[in-house]
Each structure stands twice: as C-alpha cells, then as structure tokens.
Amino acid sequence: MSLRLPVARSVLQGCGARSIAAVRAQALASSRFATARRYASSKTTTMTVRDALNSAMAEELDRDDDVFIIGEEVAQYNGAYKVTKGLLDRFGERRVVDTPITEYGFAGLAVGAALKGLKPIVEFMSFNFSMQAIDAVVNSAAKTHYMSGGTQKCQIVFRGTNGSAVGVAAQHSQDYSAWYGSIPGLKVLVPYSAEDARGLLKAAIRDPNPVVFLENELLYGESFEVSEEALSPDFTLPYTAKVEREGSDVSIVTYTRNVQFSLEAAEILQRDHGISAEVINLRSIRPLDVDAIIKTVKKTNHLVTVESTFPSFGVGSEIVAQIMESEGFDYLDAPIKRVTGADVPTPYAKELEDFAFPDAPTIVRAVKDILSVE
Amino acid sequence: MLSAAMHAHRAVLPASRGVSLLSRAGSRCLATATATGTGASGASTSASDDAITITLPDHSFEGYLVEPPSLEFHTTKGQLLQMYKDMVIIRRMEMACDALYKAKKIRGFCHLSVGQEAIAVGIENAITKLDSVITSYRCHGFTYMRGATVKAVLAELMGRRAGVSHGKGGSMHLYAPGFYGGNGIVGAQVPLGAGLAFAHQYKNEDACSFTLYGDGASNQGQVFESFNMAKLFNLPVVFCCENNKYGMGTAASRSSATTEYFKRGQYIPGIKVDGMNVLSIYQASKFAKDWCVSGKGPLVLEYETYRYGGHSMSDPGTTYRTREEIQNMRSKSDPIAGLKMHLIDLGIATEAEVKAYDKQARKHVDEQVELADACAPPEAKLSILFEDVYVKGTETPTLRGRISEDTWDFKKGGFANRD
C-alpha cells in the first residue's frame with residue numbers, strides 16, 4: 001500500500017517546514033518509499049486540505065438549500081485561512097454569512113436556525129474562540145435532542161482550526177479535542193488528509209446531530225493524493241480510524257497533524273532501529289474507534305498515543321483507560337505510553353515552543369522506551 | 001359553546017397528546033361547555049361572536065424610537081373570552097405544579113409564572129402557528145399556549161413518559177410545535193431566538209420570532225450580541241423582556257444600571273407595555289408582529305409584570321420584597337381579575353358565567369393532573385437511558401454507562417461487553 005506522506009508545500013509560518021523538508025529528504029533517499037511513489041496509480045489527483053474542505057462545502061451547499069455557512073470573514077474576505085474562498089461569489093450572501101466578532105451570539109444564532117430546521121456550518125476562526133460560545137455548543141446544541149426526548153433535533157457543524165499553529169502563543173494554541181470529546185450529544189471529528197477532510201466534512205454536514213469538526217491550520221496547505229472515489233459529490237467517510245502505515249512492532253495511535261509526525265517517526269524507527277511501527281489515524285474522537293485500537297494492540301502488543309492536548313485528562317488518557325478496561329489489556333507486553341502537549345501555556349519563543357508539542361523525535365523516544373531499545 | 005369557526009387554527013375539543021408529540025393538530029384544550037355539558041347561556045353564545053372595539057388606558061404603552069401602537073383596537077368578544085379561559089387554565093396549572101412540587105411529585109427546579117399569565121396568552125393570541133416562540137425556564141404557560149395539553153406539561157414535570165419531552169427534560173426543557181423551550185441557561189435563548197428569526201427570513205416566511213427573557217437576563221452580553229446581529233441582518237425578531245422586577249433575589253435596580261429595558265436595544269425601537277393587562281399585551285404583540293413581518297427588522301418589547309411566587313419553588317419570595325408589595329399587586333393588578341372586570345363591564349359574561357369558567361378550568365386542570373399522575377415513568381432500562389442522545393439511526397456505535405459492563409451497543413440493541 002502506498003505511504004501516506006504529504007507532499008510538502010511551503011508551510012505558512014516557515015519554521016514548521018523544518019521537519020517536513022527533513023522527511024522529504026529522507027523519503028527521497030529511501031528507495032522503498034521512492035518505489036512506492038513511482039508505482040502510484042496514474043489515475044490519482046492531489047489536493048490540498050484547504051481545497052478538500054472548500055470543495056466539500058461547495059458541494060453540500062449545492063446539494064441542500066438549507067445548508068449555509070456563517071462565521072467571521074467567511075464571505076467577503078474569502079475566509080481567514082481561505083477555506084471558504086469563492087463561496088460567496090458562487091452562492092451569494094444568503095448562503096455565506098459574515099458575522100461580527102461575537103462568537104456566543106453567532107453560535108447561538110446558528111443553533112437557533114438549526115432548531116428551526118436549517119443546517120448551519122459555523123466557522124470558528126479558531127476553536128480557542130469557541131470558548132466564548134461553548135455554552136451554545138454544549139448546552140443549546142449538544143444536549144437538546146436528549147432533553148427534548150428526541151422531539152427537537154439540532155443539525156449543525158462547528159468547524160475551525162484547533163491546536164497549535166506556530167508562534168501564536170498561549171491563547172491561540174490550545175487543542176480542544178478532549179473537552180468536546182467528552183460531551184454526549186456531540187460528534188467530534190479530526191481529519192488529517194485531504195480525503196479525510198472531504199469525506200468527514202461531507203458526512204458531518206449531512207449528520208443530523210451537532211458535529212464539532214477540528215481542523216489544523218498547518219495542514220491546510222498540505223497536498224495529499226486523493227482517490228477517484230473521493231472526488232465524487234456523494235463521497236462521505238464513516239467515523240472510523242484508518243491504518244496509515246502497517247507495522248508489527250508497535251502501534252502509534254494518533255490524529256490530525258500528529259499523524260504526519262508519527263509517520264516521520266515510523267520512518268526513522270525503521271531506518272535507524274529496524275522497528276516496524278503501525279500508525280493509526282483516529283479520524284474521530286467521538287465516537288472513538290476503540291475496536292481499531294484493540295485490533296492494532298493485538299497485532300503489535302505495544303501502544304503509544306500521540307496528541308497535542310494538554311497532558312492531563314486528555315485523549316491519550318482516555319485511550320489508556322479504554323484499553324485497560326478491554327480485552328486489549330491482555331495483549332500488552334508493556335504499559336501504554338502517551339505523547340502529549342506539555343503542561344504549560346504555549347510559550348512564544350521557538351526554542352521553548354518546540355518543547356510544547358509532539359514531534360517525530362519525541363515519538364521515537366517514546367517507542368524506544370516501551371520497546372526497551374537504547 | 002364556542003364555535004369552532006372563530007379560531008380556525010385551534011382545536012375545539014381537548015385532545016390527549018399521548019406519546020405522539022409531533023402532531024401539529026393544536027391540542028390545547030378549551031375547557032368549554034362541549035366538554036362539560038353545561039352550557040353558557042344562549043345570550044352569551046350570540047354575544048361572543050360580536051366584534052368589539054377596545055380602548056386601552058393611557059398608560060398602557062411608552063415608545064422609544066417608535067410611535068407606540070394605537071390604544072384602540074378591534075377584536076371579538078369571543079377572543080376576549082378565550083383569553084380569559086387561557087389565563088385561568090395557566091393559573092390553575094401553575095397552582096397544581098406548586099401542590100405537586102410540595103407533594104414531591106415534581107423534583108429539581110420549578111419556576112412558576114403565577115401573576116405573569118397575561119404575557120403567554122396575549123402573545124399567542126396575536127400570532128399564528130407559523131411564528132416561533134422561545135423563552136427561559138419560566139415556560140409552563142407558553143408550552144400550553146403553543147399547543148401542549150396540561151396533562152403533557154404536568155406529566156413532563158413529574159418525569160413521566162407521556163410528558164412533552166418523554167420525561168427526559170423536566171420543567172426547564174419543555175417543547176411544543178413552534179415553541180423552542182424551555183431553556184435553562186439564563187439568556188441563552190436570546191441568540192437562539194434571533195436564529196429562529198434568521199431561519200424565518202432565510203425561508204422567506206411571513207413569520208417572526210418572539211424571544212423572551214427576563215430583567216435578570218437583560219444584562220447578558222449575548223443579548224447585546226443578538227441585538228446587534230438582529231439589527232444588522234434586519235431579522236424579524238421581537239425581543240421581549242418580561243420585567244417582573246426581580247432577577248431571583250435581586251431587584252432590577254440592583255442588577256441594571258438602567259431599568260428602562262425597552263430602551264436597551266439602543267438602535268432598535270422599543271415599546272414598554274403594561275404586562276398585567278392581557279389586552280395591552282395583545283395589542284403590542286400584534287403591532288410587533290406586523291412590524292417584523294413587514295420587514296422593518298427587530299423590535300424590543302418590555303412587558304412590565306410581576307410574579308407572586310418566588311423565583312422558583314426553592315425561593316419563598318419574601319426575603320427580598322415585602323408581603324405588602326405582593327398583596328398589593330395581587331389585589332390591584334391581577335391580570336385575570338382585570339380581564340374579568342372587562343368581560344362583565346362589556347356584557348360579554350355575567351359574574352355567574354365567569355365563575356362557571358373558573359370552575360371549569362379548575363375541573364379541567366384537576367382532571368389533567370389525575371391523568372398525568374396516572375402516566376407511567378420511563379421504564380428503568382438502560383436502553384431508554386441511552387435513547388435520544390443522538391438522532392435514531394445515527395448514534396455512535398456505543399455509549400457507556402457507569403461502568404464498562406454497562407456499555408450499550410446500538411447495532412446490537414444490547415450491551416456491548418456482556419455475553
């Protein structure tokens with residue numbers, strides 16, 4: 001199967017390019033990788049995550065008049081990160097709505113519209129700003145179908161950038177996957193590749209429940225191969241994990257941009273230590289594909305989780321607990337190890353910020369530790 | 001005795017809501033002679049269809065950036081009678097809630113609207129089923145007016161399966177067709193209401209959203225965010241502040257730098273309305289609906305009202321105000337007594353007939369209480385616990401109970417980890 005490494009384009013902030021360029025150099029040097037690329041199907045296209053999201057929304061707006069987009073700078077500015085580029089021109093002001101900087105208000109307004117049967121796509125310029133609207137997301141959207149005894153649905157997608165960018169410091173770098181992941185009534189999706197982005201966003205927009213869709217700013221510009229099937233206007237993905245790289249010695253379970261670092265780490269482990277790592281891309285936090293995690297643990301008997309959330313009460317903690325309580329526990333040859341963000345508000349200086357989030361070398365360290373390799 | 005022709009959008013006969021709550025058939029009961037068999041006199045029957053002109057007292061309205069509605073309006077005697085009956089049913093229903101709460105059949109929070117009945121009734125009579133209404137947790141009267149039966153409301157409060165939310169919501173989370181709750185977080189309903197209006201506009205409907213909140217909620221930031229977007233987008237929303245003078249135990253003057261709530265919309269016109277007079281409310285609400293539906297954008301209404309009871313059943317309501325004040329409002333400004341006087345003065349009903357309506361309402365509510373109390377609670381089954389977290393057929397594969405053994409598998413329709 002082909003290796004799912006992104007073909008790196010220039011990363012917006014520059015310093016993030018370090019690891020991608022390094023990987024590219026390694027990848028080109030690695031003949032196995034080059035062979036896989038050479039034999040790639042001639043029918044595949046590449047697409048950036050940004051274009052994947054844009055095309056997904058365009059198709060869904062086209063398909064269903066009740067779908068509309070609302071958020072800051074989504075219309076005339078063409079999107080703060082250009083994800084909604086061209087959509088105002090194509091669909092008009094009624095379908096793509098610019099709002100003032102009032103998250104609580106416009107998230108609540110969108111929820112109200114959803115209660116009345118419309119299907120809003122709410123863009124939070126960053127999920128850091130969703131904290132101002134979290135009551136609307138949790139109390140007015142997520143819980144309503146239950147509180148109303150199933151008589152009042154709320155079909156809505158909250159999407160936007162989540163987790164770290166580079167150099168944006170403490171108030172703009174938090175990862176909210178664990179917080180939203182704990183709420184019954186929500187679904188929480190975490191796409192990685194362009195195909196993930198297309199399929200999951202289209203599924204989320206069609207889902208009659210409220211969905212939190214966590215994107216990553218640094219992935220927007222990354223290009224991925226997409227299959228023919230993924231280009232179909234009816235392409236949707238189920239909310240299940242995906243095996244990005246098969247392996248036999250250790251399982252690395254992760255999501256969003258950390259998939260990239262995990263794949264890099266897998267390359268390093270193979271090349272330098274002959275360790276075969278399996279990389280699982282969760283794609284969904286709620287529901288969490290515990291079956292896929294158990295399956296990979298049964299195969300490799302070793303598990304490392306990787307996430308950008310703060311270390312306490314995070315997604316990795318949840319995975320550890322799930323495995324402990326399942327038959328997966330019996331297949332572990334070593335305790336599970338978590339790689340997470342650091343327990344600090346994100347610092348600004350690059351030398352310190354580099355310690356705040358996972359990277360390939362740290363993942364390699366974690367794997368070597370549980371495999372007792374020097 | 002009321003002809004069905006008078007209010008085509010309302011069912012004449014009481015209809016039980018049962019479990020099927022999605023019917024829009026408008027099942028609100030009119031505790032009428034048809035149900036009880038005792039007729040109101042023939043003189044009233046012919047009189048009740050007559051048109052009538054009402055002239056409101058001078059102090060009924062105060063306008064801000066807008067000419068207040070006319071003090072004179074036309075209606076029918078039948079409509080006035082209907083409003084009376086509606087208010088009495090709500091009053092009786094709320095008093096039943098009080099008793100049921102004290103009997104421990106209603107648990108948790110219970111916020112009663114005794115004294116404020118005119119607002120739910122006045123608004124409903126001014127709008128149609130196409131319009132939307134949303135309010136806070138003080139919502140029992142609105143739920144009834146929007147079409148739920150008294151039985152279904154009380155059943156929900158008592159946590160029964162036949163309740164409007166199937167026992168999953170309780171007092172603060174009541175819903176009905178065109179009624180979006182019942183909202184527990186103070187002020188959260190205001191942006192939701194603006195969103196309902198957004199949807200009306202999006203779908204090009206001749207309808208508006210009545211979005212109610214209290215003096216306590218009026219200072220919330222999200223209220224101002226809603227005002228701003230409503231004005232910018234020209235949304236057909238009527239922001240209605242039910243100013244009952246107290247936000248829980250805090251007098252309005254202690255919470256609000258200005259208590260002129262009808263002016264808080266700043267760039268949005270506002271009207272202050274006597275909230276103890278159902279006729280003023282009716283006229284103002286009609287004016288507001290016409291304003292919105294004709295494309296003039298949002299409006300703010302302040303209904304000046306009063307609650308005789310405490311903030312909720314846990315609050316006696318006498319530690320922050322005097323009993324004299326409460327008694328004074330009850331004796332001088334009661335909305336039901338006020339309309340009763342009009343009915344008698346205008347010859348729409350005699351004292352005896354009004355007493356008969358009171359008795360019918362009490363009887364109806366008593367019957368509905370019994371019916372509700374006889375309803376079963378949800379079965380104590382985990383399958384029901386996990387139902388409705390997500391729309392049926394689109395659930396996550398599993399949901400966890402208190403321990404992992406209690407994990408429910410939706411495809412299996414049973415437990416995931418037990419054999």
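Sequence lines set the chain letters: A, B, ... in the order given, protein chains first and strands last, and positions in each chain run from 1.
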Chain A contact via B:L235 - side chain, backbone, both or neither, heavy atoms under 4.5 Å: side chain
A:P184, part contacting chain B, at a heavy-atom distance under 4.5 Å: both
Step-by-step side chain to side chain contact (heavy atoms under 4.5 Å, CB included) determination, A:F213 to A:L189: CA-CA 5 Å; A:F213 194 84; A:L189 302 177; 3.9 Å; yes
The single option from B:Q222, B:E225, B:Q220 passing side-chain hydrogen bond (donor to acceptor under 3.5 Å, both in side chains) against A:Y104: B:Q222
Side chain B:K412, main chain B:F415, donor-acceptor under 3.5 Å: yes
Selection from B:S404, B:P397, B:G393 maximising heavy-atom pairs under 4.5 Å formed with chain A: B:S404
Which of A:P287, A:C154, A:S148 touches chain B most, by non-hydrogen pairs under 4.5 Å: A:S148
Part of A:L288 within contact of chain B (heavy atom distance under 4.5 Å): neither
Winner by heavy-atom pair count (cut-off under 4.5 Å) against chain B, out of A:K153, A:R286, A:E327: A:R286
For B:L196 against B:Y180, the heavy-atom pair lying closest together: CD1-CD1, 3.5 Å
Proximity of A:Y180 and A:F127 rings by center, below 6.0 Å: yes
Option in B:I134, B:T394, B:T398 with maximal non-hydrogen atom pairs under 4.5 Å from chain A: B:T394
Residue A:F106 versus chain B: region with a heavy atom under 4.5 Å: both
Under 4.5 Å from a heavy atom of chain B, the part of A:Q155 involved: neither
Engaged part of B:Q189 at the chain A interface, taking heavy atoms whose separation is under 4.5 Å: neither
Within 45° cone and under 6.0 Å: B:K168 NZ/CZ vs A:Y146 ring: yes
Chain A contacts, top residue of B:L385, B:N228, B:L232 (heavy-atom pairs, under 4.5 Å): B:L385
A:V97 versus chain B, the contacting section by heavy-atom distance below 4.5 Å: side chain
Passing option when A:K119 is tested against A:V67, A:L61, A:I156 for side-chain contact (heavy atoms from CB on, under 4.5 Å): A:V67
Student check: side-chain heavy atoms of A:V188 and A:Y176 closer than 4.5 Å: no
Contact class of B:S209 relative to chain A, heavy atoms under 4.5 angstrom: neither
Which of A:V111, A:D66, A:T99 touches chain B most, by non-hydrogen pairs under 4.5 Å: A:D66
For chain B, the option from A:L115, A:D291, A:D207 that forms the most heavy-atom pairs under 4.5 Å: A:L115
B:F224 portion near chain A, given a 4.5 angstrom heavy-atom threshold: neither
B:Y267/B:F227 under ring-ring contact (aromatic ring centres under 6.0 Å, His included): CA gap, chis, key distance, verdict: CA-CA 9 Å; B:Y267 38 78; B:F227 286 166; 7.4 Å; no
Cation over ring face, A:R283 and A:Y192, 6.0 Å, 45°: no
